[in-house]
Amino acid sequence: MSRSLWFSSTESPAFTRFEGHDSADVVIVGGGITGLAAADLLTAAGKKVIVVDMLRPGAGESGHTTAHLTSAFDRGYDTISRKISREAASLIASASESAIDWLERRSRSLGAGRFERVDGWLYTESEDDVESLRREHAASEEAGLRCSFVERAPLPFGNRGAVQYHDQGKFHPLEFLHALIADLRKNGCRLFGDSKVVKVEDGRPCFVELDNGGRIEATDVVVATNVPVINRILLQTRLYAYRTYAIALPASNDDPAGLFFDTMSPYHYIRTQETSEGRFLIVGGEDHRTGTETETAVHFENLHRYATERFGERRMTHQWSGQVIETPDGLPYAGRNPGAEHVFVATGYAGQGFTMGTTSARLIASLVTGEFHPMEKLLSPKRIELRALKRFITGNLEYPRHLLPDRLTNVNVSADSVDAIPKGEGRIVKVDGKKTAAYRDDSGALHLLSTICPHLGCDVRWNQAEASWDCPCHGSRFDPLGSVRNGPARRDLEKIEPS
């Protein structure tokens, strides 16, 4: 099992489970950067706020990021300007810079997170990409960003040019979030862990129901769970889940201090970070659609090879992966849930989790308090992305592509019998003629589960590196014993008793 640098270098606060019935002005489902930033803003506005998290606040995807705080955008400002509008590019650029400013102010006010201003470089090792980088520089500058085109990024290996984005940021994400949690508690916000939401009901009032029978009444609800656990047709069919990988190695004094992202496919991103365990070089990338690969440990090996070829031989001290969510047009969804008045959702940040998560939190907090926000229309979950229709169609081909073979054939059966499964591993096997997800724990005990994801019925796959069952259709993930680890699934995999 992998563990991120952030979790190993900071201690998580304790949380109790939500029990019984209660009420609040706002219930926030999900305790990552979006949920906690929204809680901070709404608590400061005088709202009574309750935060509930399936794991514990800070323990989800915000702890599996590489925390590049950058106004560079995955989709690219050149693409946004051409395919959406120049105004959209300007709004995204301004929001990204504003989010970094907010994170800096809050980090410094809390005295936590080790925030540092650095420049960022979007660079290429290929002459073929230089012209597209020049276009990206022009579009970024037109969008209002302070940036320059340079002939070479300051890296200890050859490259052919870069867009240099000035005054970006980096910090320790969990040191920041844990300090924010302590401050929220001091200011009256209540936060709960091990509290899985199974239903959200819009209305006057709204209701949030938990798997243990708990129930919370609220004026407004914010669902900030990376993938929303609601609206599985209108919203979830427009979300595409990817696994992304990262490693950490001891940093040398010669390692560059900035943020770096290349134009390779698959792409890579690089930075350094001071922690309580020392200074580390972080290298990430190797993205692929969730659930489409089983032998996932190879991605850590690829990253280690990439790092040592460019920075010299070093021992890999940490490895981890995260789940990033993309949308058809590359912009997040943040605002009112389609069909609802008092339920808000935020998702689809791609590689900009902390900047777009903060932006989404600020937008939703404005909507809850009745204030204007310039991003409301652009990021609305209700928007119709006609220009991205092709990507919507191709993105949803994964569902029928996997569902029909899963139900009608014996594909993905990866072991002849349960006897072939080693300790600590999972396999899809045939048990009494039926495909079964089988896991053998470290003691040798065998656990049998249905392969069928309870979201929309695709077969899960075993993820070797993360010891999880992953669904290739909409990105739901489950631990080895079948408990939900990532939505959109809300129920665990069905347990099967051995015959």
Side-chain angles (χ1 to χ4, degrees), residues 1-12 31-33 53-69 113-114 170-178 226-227 241-251 259-261 266-308 311 314-325 349-354 357 424 426 462-470 475 477-480 485-486:
M1 183 74 70
S2 62
R3 182 171 172 81
S4 84
L5 171 65
W6 318 125
F7 286 112
S8 70
S9 59
T10 187
E11 186 174 345
S12 175
I33 179 57
D53 194 284
M54 181 175 68
L55 301 172
R56 61 184 186 276
E61 292 308 311
S62 291
H64 293 86
T65 178
T66 53
H68 285 66
L69 307 180
R114 305 172 194 257
K170 63 180 183 178
F171 68 170
H172 191 304
L174 286 191
E175 286 186 2
F176 170 75
L177 291 180
H178 293 165
N226 196 38
V227 175
Y242 289 80
R243 297 306 294 168
T244 187
Y245 298 81
I247 62 171
L249 313 94
L259 313 176
F260 300 88
F261 352 94
Y267 69 97
H268 305 85
Y269 36 95
I270 302 163
R271 78 175 185 91
T272 57
Q273 179 63 48
E274 292 285 350
T275 76
S276 61
E277 296 182 346
R279 184 167 175 258
F280 290 88
L281 175 70
I282 302 166
V283 180
E286 290 284 314
D287 298 15
H288 64 82
R289 283 291 290 262
T290 298
T292 58
E293 298 186 22
T294 299
E295 304 298 320
T296 49
V298 68
H299 297 293
F300 294 124
E301 297 167 8
N302 290 343
L303 287 177
H304 193 203
R305 185 181 309 110
Y306 173 90
T308 55
F311 294 93
R314 304 185 197 189
R315 178 176 56 93
M316 182 170 63
T317 57
H318 303 80
Q319 63 178 45
W320 68 98
S321 71
Q323 186 114 313
V324 297
I325 308 300
Y349 307 147
Q352 297 85 214
F354 266 81
W462 177 251
N463 179 333
Q464 170 199 41
E466 296 298 328
S468 63
W469 300 104
D470 297 358
R477 300 179 64 240
F478 308 84
D479 73 14
R485 185 181 284 178
N486 289 91

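This one's a predicted model, so the numbers in the text were calculated from it and none came from an experiment.
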Rounded to the nearest 0.5 Å, the CE atom of M316 sits from the NE2 atom of H318 at a distance of 11.0 Å
Value for CZ (R485) from OG (S468), rounded to nearest 0.5 Å, stands at 5.0 Å
Check: R243/Q323 side-chain N/O donor and acceptor closer than 3.5 Å: yes
**Q.** Main-chain N/O of H64 paired to S4 side chain as donor or acceptor, under 3.5 Å
**A.** no
Taken to the nearest 0.5 Å, the spacing of E11 CD from S276 OG works out to 10.5 Å
Ring centres of Y245 and H304 under 6.0 Å apart? no
Is it true that the NZ or CZ of R289 lies under 6.0 Å from the centre of Y242's six-membered ring and within 45 degrees of the ring axis? yes
Interatomic distance, CG@L249 vs CG@L5, rounded to 0.5 Å, equals 10.5 Å
Any donor-acceptor N/O pair, Q464 side chain to T296 backbone, under 3.5 Å | yes
d(S12 OG, H178 NE2) to nearest 0.5 Å is 4.0 Å
When you measure from the side chain of R314 to the backbone N and O of P250, does any donor-acceptor pair fall under 3.5 Å? yes
Among side-chain atoms of R3 and S8, is any donor-acceptor pair under 3.5 angstrom?
no
- request: Report the relative orientation of the aromatic rings in H268 and Y306; use parallel for angles under 30°, tilted for 30 to 60°, perpendicular for over 60°.
  value: parallel
Assess, by modelled atom type and distance only, whether the side chains of H172 and T10 contain a donor and an acceptor separated by less than 3.5 Å. no
| Hey, are D470 and T290 close enough side-chain-wise for a donor-acceptor pair under 3.5 Å? | no
Donor-acceptor contact below 3.5 Å, side chain W6 vs main chain T65
yes
Next on the checklist: Over 60° means perpendicular and under 30° means parallel, so tell me whether Y267 and Y269 are parallel, tilted or perpendicular.
Outcome noted: tilted
Exactly one of F261, F354, F260, Y349 clears ring pair (Phe, Tyr, Trp, His ring centres under 6.0 Å) with H68, and that residue is F261
N226 side chain to E61 side chain, donor-acceptor N/O pair below 3.5 angstrom: no
